[in-house]
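This report refers to the structure that appears directly beneath it.
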Amino acid sequence: MTNNNHPVRVRFAPSPTGHLHIGGARTALFNYLFARNLKGAFILRIEDTDRERSTQEYTDFILKGMEWLGFEWDEGPFHQTERMALYREYVEKLLKEDKAYRCYCTAEELEVRRKALLAAGKKPKYEGKCRNLDPRLPAGSLAGSTIHDPRKYCIRFKAPQTGEVVFKDICRGEIKFNREELDDMILLRTDGTPTYNFTVVVDDVTMHITHVIRGDDHLNNTPRQIQLYEALHSPTPHFAHLPMILGPDKQKLSKRHGAVSVVEYKTQGFLPEAMLNYLARLGWSHGDQEIFTKKELIAYFDLHTVGKSPSVFDIEKCKWVNHQHMVRLSDQEIFVATKPYLEELGIEIDVADYDFGTKAVCSEKERGKTLKELAEVSAFYFRDALVWDEKAVEKWLNEEGKKRLKMLREAFAHLKNWDAASVQIAFKEVQEKLEIKKMVDLAQPCRVALTGTTVSPGIFEVLAILGQERSLKRLDHALNTPAHK
RNA sequence: GCUCCCUUCGUCUAGUGGCCUAGGACGUGGCCCUCUCACGGCUAAAACACGGGUUCGACUCCCGUAGGGAGCACCA
């Protein structure tokens with residue numbers, strides 16, 4: 001169905017009435033992967049025909065999210081508000097071919113009918129009151145006519161009423177709708193602006209979209225749109241409806257579930273590639289593989305293997321995936337990635353200390369699942385004024401602990417070489433001299449003095465990274481502080 | 001109410017009629033490693049929504065039921 005002369009063309013078409021959220025990002029991802037996998041074009045289109053709710057601010061948020069995730073688009077962003085003339089043109093075409101008509105019904109009238117139909121247990125569809133009005137009757141100025149009809153009107157699609165619409169969804173297989181179910185939808189509102197179902201079709205036709213990949217909340221719109229393609233004498237694209245992403249309570253993902261915007265995951269310290277990886281695994285899989293690079297995702301992605309049922313966004317697994325990606329980074333990369341989060345904590349690192357910073361941060365890489373966590377957990381390296389864990393101080397920096405630390409401090413002070421091995425030897429000597437059976441009884445006081453807490457990388461590693469001067473300073477400080485607040 | 005869609009461990013998923021005593025991963029429990037915490041290794045518990053068919057044989061095909069979701073706008 002796709003060949004070299006006809007490369008695939010897909011689009012991601014968010015409406016700027018909110019942030020780029022997880023679900024939207026996944027839709028964008030699948031479009032992107034599909035396009036890249038088949039060397040096709042990925043187009044970005046902003047569906048901003050809802051002037052009430054669309055804002056430039058949201059458009060910017062969406063663009064920022066796309067950039068962070070690395071979804072480079074090949075064409076666009078196109079804005080529907082800039083294509084109004086085009087929609088008018090297509091309405092004229094339909095009007096001329098008697099495939100659309102003017103409807104003078106008021107919103108109030110319609111609402112009354114809608115409620116009545118619903119109350120009668122019927123599907124609330126437009127009953128076609130204006131469907132067979134003579135089109136030559138006086139019309140308003142909307143269509144460029146010079147004759148004025150004082151009544152307001154909108155333009156409706158004259159939908160075929162018999163037979164069925166059948167299409168083959170790439171993810172779901174064959175889907176059928178009875179045309180009777182579909183009513184005469186509005187194409188142009190009374191104020192002359194086009195509606196969603198119409199603009200998507202006109203845009204997808206004129207942009208030569210070959211595959212429409214979108215959330216399955218659009219499944220019900222598809223037959224209406226297909227009728228429009230038919231009326232426009234345009235071939236219908238292939239459709240792929242993606243299952244939704246749910247919150248832990250199996251409800252549609254919303255603010256209640258935490259992060260609204262994908263950009264929020266950036267501030268939480270997630271790597272964009274990890275997000276791609278996790279999002280891709282929601283609804284799609286490739287054997288037993290869990291960790292994918294972007295390249296692998298592009299190489300392996302296949303719409304046909306996308307599942308049908310909705311999936312729950314599990315932040316714990318997302319963190320695990322993130323950690324897997326973090327650990328695969330080089331030491332330099334980890335440091336560079338973590339630096340902004342350290343700065344967020346008020347820790348500025350001089351270029352001269354990058355080597356120290358790299359060692360410090362990387363020594364903690366097993367302990368932080370996000371860059372933010374990594375920054376938090378390695379912060380002690382950079383601050384001489386430690387944040388004391390009260391319980392730890394109470395337990396390990398008591399009289400006995402300090403007595404031991406004093407010995408340790410002396411031994412460390414006399415060391416000529418300062419590296420993990422030398423420090424370990426000195427440590428062991430003190431341990432033996434004091435007849436401390438378990439290493440933990442000497443290591444913990446030392447660890448608390450050095451880090452403020454009972455948790456850190458191996459004590460010799462911490463000592464080595466900190467360096468002799470800084471280590472002694474911290475030991476002194478711990479020894480000289482009678483009671484830490 | 002009507003129409004359409006969905007249904008494998010708590011979660012993400014593998015599975016396309018016999019390979020399934022249903023596999024992997026996250027999470028959870030246990031053990032090992034160990035100077036703390038992690039990491040890592042091993043291990044355990046944990047699922048085919050239900051009921052009918054079809055078939056020599058169904059997680060896999062068909063039909064119902066139940067549950068969930070979406071749409072039915074001059075929102076997108």
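All chains are named by letter (A, B, ...) in the order of the sequence lines, taking the proteins before the strands, and each is independently numbered beginning at 1. In this text, all values refer to a predicted model and were calculated from it rather than measured experimentally.
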**Request:** May I have the step-by-step check of salt bridge (charged side-chain N to carboxylate O under 4.0 Å, His left out) for A:Arg404 and A:Glu400, ending in yes or no?
**Result:** CA-CA 6 Å; A:Arg404 294 170 177 177; A:Glu400 184 61 25; 3.3 Å; yes
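- Base pairing of B:rA25: its partner is B:rU11, meeting the Watson-Crick or G-U wobble criterion (both donor-acceptor distances under 3.5 Å).
- Contact annotation: A:Arg114 side-chain N/O to B:rA73 OP1/OP2 distance is under 4.0 Å.
- A straight line from CD1 of A:Ile175 to P of B:rA70 spans 17 Å, rounded to a whole angstrom.
- The distance from atom NZ of A:Lys250 to atom P of B:rG10 is 9 Å, rounded to the nearest whole Å.
- Here the two rings, on A:His325 and A:Tyr278, have centers that are 6.0 Å apart or farther.
- Projected onto RNA chain B by closest heavy-atom contact, A:Val440 and A:Pro194 fall at different nucleotides, the more 5' of which corresponds to A:Val440.
- Put simply, CZ on A:Arg53 is 14 Å from C1' on B:rC74, counting in whole angstrom units.
- Among the atoms of the strands shown, only primed sugar atoms or phosphate atoms (P, OP1, OP2) are found under 4.0 Å from some heavy atom of A:Gln251.
- Nearest-nucleotide mapping onto RNA chain B: of A:Gly458 and A:Ser15, the residue sitting toward the 5' end is A:Gly458.
- Residue A:Thr49 has a polar side-chain atom (N or O) positioned under 4.0 Å from OP1 or OP2 of B:rA76.
- Within 4.0 Å (heavy atoms only), A:Lys365 reaches no atom of the nucleic acid at all.
- Atom C1' of nucleotide B:rC35 and atom CG of A:Leu405 are separated by 14 Å, given to the nearest angstrom.
- Among the heavy atoms of the strands lying under 4.0 Å from A:Gly283 are primed sugar atoms or P, OP1, OP2 only; no base atom is included.
- The base-pairing partner of B:rA38, taking Watson-Crick or G-U wobble contacts with both distances under 3.5 Å, does not exist among the strands shown.
- Among the heavy atoms of the strands lying under 4.0 Å from A:Asn221 is at least one base atom, whether or not backbone atoms are also near.
- Nucleotide B:rA25 holds its P atom 8 Å from the CD atom of A:Glu290, rounded to whole Å.
- When distances are taken from the side chain of A:Phe177 to each of B:rC4, B:rG40, B:rA76, the shortest belongs to B:rC4.
- Contacts of A:Leu219 with the nucleic acid, taken as non-hydrogen atoms under 4.0 Å apart, involve only primed sugar atoms and P, OP1 or OP2.
- Residue A:Gln80 has no polar side-chain atom (N or O) positioned under 4.0 Å from OP1 or OP2 of B:rA76.
- When ring centroids are compared, A:Phe292 and A:Trp284 come within the 6.0 Å threshold.
- Regarding A:Phe292, its CZ atom lies at a distance of 17 Å from the P atom of B:rC12, rounded to whole Å.
- The residue A:Cys105 sits close to a base: some heavy atom pair falls under 4.0 Å.
- An OP1 or OP2 oxygen of B:rA14 is reached within less than 4.0 angstrom by a side-chain nitrogen or oxygen of A:Ser285.
- A:His241 comes within contact range of no nucleotide atom at all, as no heavy-atom separation falls under 4.0 Å.
- Of the side-chain N and O atoms in A:Ser311, one or more sit less than 4.0 angstrom from OP1 or OP2 of B:rU13.
- In this structure, A:Ser54 reaches neither bases nor backbone, as no heavy-atom distance under 4.0 Å exists between it and the strands shown.
- A cation-pi arrangement is not found for A:Arg45 relative to A:Phe78, the charged atom failing to lie both closer than 6.0 Å to the ring centre and inside a 45° cone about the ring normal.
- Across all strands shown, B:rC72 forms a Watson-Crick or G-U wobble pair with B:rG1, both key distances being under 3.5 Å.
- Rounded to whole Å, the distance from CD on A:Gln225 to C1' on B:rC4 is 14 Å.
- Residues A:Phe239 and A:Phe167 bring their aromatic ring centres within 6.0 Å.
- Contact annotation for A:Lys115: no contact, since no heavy-atom pair falls under 4.0 Å across all strands.
- With both pairing distances under 3.5 Å, B:rG51 is matched to B:rC63 as a Watson-Crick or G-U wobble pair.
- Nucleotides B:rG27 and B:rC12 place their C1' atoms 11 Å apart, quoted to the nearest Å.
- Using a 4.0 Å heavy-atom cutoff across all strands shown, A:Leu282 reaches sugar-phosphate atoms only and no base atom.
- Remark: C1' of B:rU34 and CD of A:Gln444 are 12 Å apart, rounded to the nearest angstrom.
- Across all strands, A:Lys319 comes closer than 4.0 Å to no nucleic acid atom at all (heavy-atom distances).
- The ring of A:Phe30 has its center closer than 6.0 angstrom to the ring center of A:Phe301.
- Judged by Watson-Crick or G-U wobble contacts below 3.5 Å, the nucleotide B:rA58 has no partner.
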